[in-house]
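Everything below concerns the one structure shown next.
We use all heavy atoms of the structure for the numbers below, so side chains are in, but hydrogens, waters and symmetry mates are not. Please read all numbers here as calculations on a predicted model, not as lab measurements.
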Amino acid sequence: MADSAQAQKLVYLVTGGCGFLGEHVVRMLLQREPRLGELRVFDLHLGPWLEELKTGSVRVTAIQGDVTQAHEVAAAVAGAHVVIHTAGLVDVFGRASPKTIHEVNVQGTQNVIEACVQTGTRFLVYTSSMEVVGPNTKGHPFYRGNEDTPYEAVHRHPYPCSKALAEWLVLEANGRKVCGGLPLVTCALRPTGIYGEGHQIMRDFYRQGLRLGGRLFRAIPASVEHGRVYVGNVAWMHVLAARELERRAALMGGQVYFCYDGSPYKSYEDFNMEFLGPCGLRLVGARPLVPYWLLVFLAALNVLLQWLLRPLLLYAPLLNPYTLAVANTTFTVSTDKAQRHFGYEPMFSWEDSRTRTILWVQAMEGSAQ
Ligand SMILES: NC(=O)c1ccc[n+]([C@@H]2O[C@H](COP(=O)([O-])OP(=O)(O)OC[C@H]3O[C@@H](n4cnc5c(N)ncnc54)[C@H](O)[C@@H]3O)[C@@H](O)[C@H]2O)c1
Ligand SMILES: CC(C)CCC[C@@H](C)[C@H]1CC[C@H]2[C@@H]3[C@H](O)C=C4C[C@@H](O)CC[C@]4(C)[C@H]3CC[C@]12C
């Protein structure tokens with residue numbers, strides 16, 4: 001990434017490039033990164049849609065691999081200028097064991113860092129999460145906070161624990177000498193709850209609403225604010241951060257950035273209704289229809305059932321004590337750090353983000369019925 005070589009073409013590697021966010025990052029790079037010469041897409045499961053990308057002017061290399069396997073990661077990283085590490089096991093439902101979550105999210109991230117150091121790759125952008133901060137186990141609200149807002153970050157669940165540890169590893173690695181003697185430059189982006197085309201949980205809520213005759217029942221008070229950010233803007237923020245890391249290494253290296261855009265502050269359910277409402281669903285109840293103590297009871301019951309049924313089948317419903325706590329605790333961000341540090345402005349307005357998401361939900365209407 002030398003200044004002299006304006007026309008130098010760069011090799012990017014996106015880990016987890018076939019996931020919900022990863023696919024948007026891959027497509028955004030192809031559309032918006034003029035210096036892109038080769039794009040390596042590394043994932044445990046490669047998507048068939050990658051094939052259509054291989055016909056363009058940028059070389060797209062699909063690599064089926066596992067971030068927990070250091071040699072596979074090193075082979076993929078070798079020769080890359082920039083790594084966007086978005087692969088992760090996103091599991092707050094008890095589908096995977098704590099050990100597996102740790103292996104993928106923490107050991108996998110360590111493997112990416114070591115691969116950069118060994119092969120001389122200097123720029124690493126890590127997809128972290130708001131959950132590195134909170135909501136904490138005490139249910140303290142984080143109301144429109146920024147990267148410097150004091151908050152007692154206490155985690156017990158394997159997923160936030162793993163993201164916090166992985167983020168720490170990435171930030172600690174900033175400044176390490178890579179092969180060739182130059183310093184590694186790293187930063188971490190912390191999305192809140194991402195929404196948009198391809199969002200599996202939105203799909204699940206939509207299908208559940210259809211099964212319930214076009215209705216969803218309010219479970220969380222409308223006053224609880226849950227931070228949401230559009231996937232296209234999160235992808236754009238990754239592309240921009242990756243692009244600017246060299247020029248602004250001293251400012252951006254070792255920094256964390258919340259991902260933000262113009263999405264409104266609402267409760268999780270009211271926010272979902274912005275898309276599901278125009279698709280024919282309605283949210284019943286101005287207040288929660290079920291008392292909170294009953295939700296707590298049902299969430300605990302689900303944990304018990306999951307444990308009892310584990311030898312027979314995987315029972316992993318959306319409601320458990322952790323997801324209930326996250327949905328029921330105000331956690332929203334208000335910051336302009338990414339704008340100040342690397343000129344980020346959301347690419348998609350709230351209206352665009354909303355329209356795109358509605359069109360996507362409407363497009364799956366046929367398949368859901
Ligand atoms: N979805 C959200 O709301 C959200 C919010 C904040 C942060 N994040 C973070 O964003 C990243 C992407 O999340 P997502 O929602 O797109 O999830 P996702 O599950 O859709 O994508 C993750 C991708 O990583 C891949 N992957 C998993 N294990 C792997 C392994 N061992 N080796 C290689 N690839 C592996 C998966 O196959 C998948 O394609 C994650 O790091 C997650 O922690 C997500
Ligand atoms: C109590 C029920 C009625 C509703 C349950 C909703 C629940 C499944 C939702 C609510 C909030 C969601 C999380 C939140 O948007 C942010 C993240 C961060 C990210 O790193 C991983 C996904 C996650 C945990 C969302 C998972 C689904 C949650 C808990």
Side-chain angles (χ1 to χ4, degrees), residues 21 84-86 88 105-106 109 113 123-157 159-176 183-194 223-230 233-266 268 325-326 328-347 350:
L21 172 61
I84 298 180
H85 176 41
T86 196
N105 293 353
V106 182
T109 301
I113 294 167
F123 304 101
L124 170 61
V125 176
Y126 173 62
T127 313
S128 182
S129 169
M130 72 179 218
E131 283 179 279
V132 162
V133 180
N136 63 18
T137 48
K138 300 179 178 178
H140 293 159
F142 186 86
Y143 181 74
R144 306 190 191 186
N146 64 30
E147 290 82 353
D148 299 318
T149 304
Y151 187 78
E152 200 183 335
V154 194
H155 312 294
R156 238 178 269 130
H157 192 279
Y159 174 73
C161 287
S162 71
K163 294 300 285 186
L165 204 45
E167 183 191 270
W168 182 83
L169 290 172
V170 167
L171 302 179
E172 271 290 301
N174 181 62
R176 267 182 79 180
L184 180 64
V185 188
T186 68
C187 72
L189 306 188
R190 295 173 170 169
T192 53
I194 308 174
S223 57
V224 176
E225 281 187 3
H226 185 76
R228 304 294 288 271
V229 59
Y230 177 62
N233 287 324
V234 180
W236 173 230
M237 207 165 148
H238 280 71
V239 170
L240 212 51
R243 184 188 295 167
E244 295 297 322
L245 259 187
E246 180 179 36
R247 213 156 50 96
R248 308 186 196 218
L251 181 64
M252 292 176 67
Q255 292 291 319
V256 296
Y257 302 93
F258 278 123
C259 297
Y260 55 90
D261 61 14
S263 303
Y265 298 113
K266 288 190 172 227
Y268 189 77
V326 175
N328 199 47
T329 306
T330 286
F331 197 101
T332 42
V333 301
S334 173
T335 175
D336 63 354
K337 185 173 174 183
Q339 192 273 324
R340 286 186 281 109
H341 280 206
F342 55 94
Y344 164 76
E345 295 286 351
M347 177 177 283
W350 159 239

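With hydrogens and angles ignored, the 3.5 Å screen pairs a side-chain donor or acceptor of Asn233 with a backbone N or O of Met347. When atom types are taken as modelled, the side chain of Tyr265 and the backbone of Arg228 share no donor-acceptor pair closer than 3.5 angstrom. Side-chain N or O atoms of Asn136 include one that pairs as donor or acceptor with a backbone N or O of Gly139 at under 3.5 Å. The backbone N or O of Val132 lies less than 3.5 Å from a partner atom in the side chain of His155, making a donor-acceptor pair. In this structure, the side chain of Trp350 does not engage the main chain of Asp261 through any donor-acceptor pair within 3.5 Å. Judged purely by atom type and a 3.5 angstrom limit, Lys163 has no side-chain atom pairing as donor or acceptor with the backbone of Met130.
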(request) Go through the steps to decide whether Cys187 and Leu245 satisfy the test side chain to side chain contact (heavy atoms under 4.5 Å, CB included), and finish with yes or no. (result) CA-CA 8 Å; Cys187 72; Leu245 259 187; 4.2 Å; yes
(message) Under the criterion side-chain hydrogen bond (donor to acceptor under 3.5 Å, both in side chains), I'd like the reasoning laid out for Ser162 against Asn105: C-alpha separation, chi angles, the key distance, then a yes or no.
(response) CA-CA 6 Å; Ser162 71; Asn105 293 353; 3.0 Å; yes
(request) Any chance you could lay out the side chain to side chain contact (heavy atoms under 4.5 Å, CB included) test for His226 and Val326, step after step, and finish with the verdict? (result) CA-CA 8 Å; His226 185 76; Val326 175; 3.8 Å; yes
(request) Test Tyr159 against Ser129 for side chain to side chain contact (heavy atoms under 4.5 Å, CB included), laying out the working first. (result) CA-CA 10 Å; Tyr159 174 73; Ser129 169; 4.1 Å; yes
(request) Verify side chain to side chain contact (heavy atoms under 4.5 Å, CB included) between Phe342 and Arg243, making sure each step is shown before the conclusion. (result) CA-CA 9 Å; Phe342 55 94; Arg243 184 188 295 167; over 6 Å; no
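Minimum interatomic distance between Pro191 and Val234 (heavy atoms only, all atoms of both residues): CG-CG1, 4.0 Å. Contact detail for Ala242 and Ile84: the closest heavy-atom pair is CB-CD1, 4.0 Å. Contact between Ala173 and Ile113 at its shortest, heavy atoms only, is CB-CG2, 3.6 Å.
Figure legend: Arg190 and Phe258 shown as a cation-pi pair, the cationic atom lying under 6.0 angstrom from the six-membered ring centre and within 45 degrees of its axis.
Annotation: side chain of Thr186 is in contact with side chain of Val170 (closest heavy-atom distance under 4.5 Å). Taking the side chain as every heavy atom from C-beta outward, Ile194 and Leu21 approach each other to under 4.5 Å. Side-chain contact between Glu244 and Met252 is present, with heavy atoms from C-beta onward closer than 4.5 Å. Two residues are said to be in side-chain contact when any heavy atoms from C-beta on lie closer than 4.5 Å; Ser334 and Tyr143 fail this criterion. With contacts defined as side-chain heavy-atom distances shorter than 4.5 Å, the pair Leu169/Val106 qualifies. Side-chain contact between His238 and Leu189 is present, with at least one heavy-atom pair separated by less than 4.5 Å. Residues Phe142 and Val133 have side chains in contact (heavy-atom distance under 4.5 Å, counting atoms from C-beta outward). Asn174 places none of its side-chain heavy atoms less than 4.5 Å from the side chain of Gln255.
In summary, the side chains of Thr332 and Glu225 do present a donor paired with an acceptor at a separation below 3.5 Å, with no hydrogens or angles considered. His85 and Thr127 are not linked by any side-chain donor-acceptor pair at a separation below 3.5 angstrom, with hydrogens and angles left out of the test.
Rounding to the nearest 0.5 angstrom, the gap separating the NZ atom in Lys138 from the OG1 atom in Thr329 is 13.5 Å. Atoms OH and OG1, from Tyr126 and Thr86 in turn, are 8.5 Å apart once rounded to the nearest 0.5 Å.
Between Tyr257 and His341, the distance from one ring center to the other falls under 6.0 angstrom.
By the side chain to side chain donor-acceptor pair (under 3.5 Å) test, Tyr260 pairs with no residue at all, sequence neighbours left out.
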